[in-house]
Amino acid sequence: MENPIISIKNVNKTFDTRKHKIQALQDINMEFGKGELVSIVGPSGCGKSTIIRLIDDIIKPTDGTITVDGLTYDNNKPISKEMIRKLGFIFQISNLYPWLTVRENVLLPLKIHGLSGSEYEANMEHLLKYVDMEKYADVYPAELSGGMSQKAGVIRGMIHKPQMLMMDEPFGALDENTRETLNIELLKIWKETGMTIIFITHNVEEAVLISQRVYVMSSHPGRVTAELKIEFDKPRDLDLITDLKFAEYCTKIENLIGRIELAQIK
Amino acid sequence: MTEETKVRFNKTITITNLLGTVIPPISLIAALILVWQYTCTKNNIPIWLLAKPTDISKALSKSFSLILPNLWVTYTNILIGFVISVIIGLVLAILIASFKTLGSALTPLIVAMCCIPMVTLVPMLMLIFGLGNNVKIITIVIQAFPLVNMNAVVAFMNTDPTRLELMQSLKANKFQQFRFCILPDSLSGIFTGIKLASIMSMIAGVSAEMTGGNTGLGNRISYFIQFSKTAEAMSCVIYIAILGILLYGGISLLENKMIKNFQRQ
């Protein structure tokens with residue numbers, strides 16, 4: 001890939017526990033182009049979430065290099081404030097603070113980054129409207145359903161207009177209907193903003209529906225085992241699920257994951 | 001529901017809640033007083049052994065002018081000692097939670113302070129600091145601040161890791177992490193420590209007065225008991241209990257207000 005915005009080269013990550021060392025990632029090489037929406041799929045414990053935590057500089061790699069928007073991370077130093085503002089992170093659970101209202105939760109990244117101004121206020125209103133949550137802006141998280149909490153968590157990750165968004169199984173805990181709706185809303189936001197999105201999931205249909213490319217990973221230790229381009233002639237909407245090509249992609253990825261799991265059992 | 005009906009409905013709920021909070025403790029206290037009065041009268045218990053509630057109420061009004069200066073001394077000592085305990089406890093808790101080495105160094109000392117029996121501590125402190133009010137305040141601080149400190153440290157250390165991860169992903173600095181996540185997440189733990197410290201301040205303050213010196217309600221209780229003036233001694237106990245209830249109630253109100261404030265911010 002020419003000029004990837006995110007590039008991971010020969011990255012290994014080992015976690016030290018009290019009794020022994022656990023190798024979470026082994027020799028990871030990945031590239032993400034500007035404005036791409038790429039999914040990473042694989043069985044539980046394959047290190048999918050670890051990869052985006054490395055990109056977001058929440059954790060440091062044991063060795064290897066991570067380059068984001070031309071900046072190669074120094075493993076001994078935290079990344080610059082400018083770079084932090086370019087990155088957004090959405091968690092598996094909404095992770096809203098119960099003592100803040102939805103609006104205050106969504107605005108929290110701006111307070112932390114020291115950003116203010118009408119541009120962000122307008123973005124806040126726009127995002128609330130986009131996910132149909134204007135009415136719930138001033139309520140506390142305890143008064144929201146799981147789906148609405150997750151929506152608030154998603155727009156909090158986008159409030160500071162990041163160029164790159166890491167999404168860690170954001171809709172994993174939701175029912176299928178809500179998940180599908182949120183996937184379509186995510187596609188709309190992605191098209192409108194042109195962000196680079198790295199989407200972690202173990203739901204193969206979800207990955208095929210929204211992604212341009214899919215990385216398939218295996219576990220113990222986490223490795224990349226395949227990379228697939230997902231191309232459709234039709235627009236990406238829920239009708240795509242009935243398409244033959246969609247089913248072929250899903251089967252292909254499921255087979256790849258199945259083969260990995262079978263090999264591990266053997 | 002119209003706005004007017006809503007307001008009326010909310011008012012009814014508030015009054016019902018208030019009555020639900022106030023009526024049960026008052027009823028229980030009234031019932032206990034009645035049983036106490038009845039038992040003393042029926043069994044002809046001598047006043048020097050156990051004074052009747054009516055005797056105590058007479059003593060309360062009769063000896064009020066005598067007790068008032070002592071009441072002032074005790075209340076002031078306890079409040080000053082308690083406030084100092086809260087400040088020291090919280091400041092040390094922030095330092096211990098922020099610097100691991102300092103935590104390892106200070107924690108055993110703080111635990112030891114909390115474990116020293118008061119009867120052994122007060123005479124030793126009186127040898128060093130004399131019999132004045134300072135020694136009472138020092139006793140209160142030594143006994144009460146560890147409770148604030150230990151509860152606050154546990155609350156800070158047990159901040160929900162997923163909430164902290166959000167701060168880490170936003171690269172919040174230490175102060176921002178504390179202000180936006182750790183402190184609001186720890187409020188109930190901190191207030192548990194403060195409430196315990198308010199109780200310990202009462203115990204430590206009155207015990208110190210009973211051990212030495214010539215002022216304060218504790219000193220008056222020792223004096224009255226010496227001369228078998230049980231009703232007067234018990235009236236002093238009631239004044240101490242009133243301060244205890246006021247202090248505890250005040251802290252609970254502050255806790256509710258602060259938690260709501262954090263929700264509003």
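Order of the sequence lines sets the chain letters (A, B, ...), proteins ahead of strands, with each chain counted from 1. For the numbers below, each heavy atom of this structure counts, side chains included, while hydrogens, waters and symmetry mates do not.
- Atom OH of B/Tyr248 is surrounded by 12 or fewer heavy atoms from other residues, nucleotides or ligands within 6.0 Å.
- Here the rule is side-chain contact (heavy atoms from CB on, under 4.5 Å) with B/Ser169, and of A/Ile90, A/Asp168, A/Asp56 only A/Asp56 fits it.
- At a 4.5 Å heavy-atom cutoff, the contact between B/Glu165 and chain A is made by backbone and side-chain atoms alike.
- Considering only heavy-atom pairs separated by less than 4.5 Å from chain B, the leading option among A/Leu87, A/Leu96, A/Ile84, A/Ile79 is A/Ile84.
- Under a cut-off of 6.0 angstrom, the local environment of CZ in A/Phe15 is crowded, with over 12 non-hydrogen atoms contributed by other residues, nucleotides or ligands.
- Nearest heavy atom pair, residue B/Leu170 against residue A/His113, reads O-CE1, 3.3 Å.
- No more than 12 heavy-atom neighbours from other residues, nucleotides or ligands sit within 6.0 angstrom of CD on A/Glu82.
- Atom NZ of B/Lys171 is separated from atom CG of A/Asp57 by 4.5 Å, given to the nearest 0.5 angstrom.
- For A/Tyr97 (side chain) and B/Cys181 (main-chain N/O), no donor-acceptor pair under 3.5 Å exists by modelled atom type.
- Most heavy-atom pairs under 4.5 Å with chain B: of the set A/Lys81, A/Arg85, A/Arg156, this distinction falls to A/Arg156.
- For B/Asn173, no part lies under 4.5 angstrom from a heavy atom of chain A.
- Heavy-atom contacts from other residues, nucleotides or ligands closer than 6.0 Å to CG of A/Asp132 number 12 or fewer.
- Here the straight-line distance linking atom CD1 of A/Ile112 with atom CD of B/Gln176 works out to 4.5 Å at 0.5 Å rounding.
- Separating the CG atom in B/Leu166 from the CZ atom in A/Phe91 is a distance of 5.0 Å, to the nearest 0.5 Å.
- Listed options B/Arg163, B/Met167, B/Gln168 were ranked by heavy-atom pairs under 4.5 angstrom with chain A; first place goes to B/Arg163.
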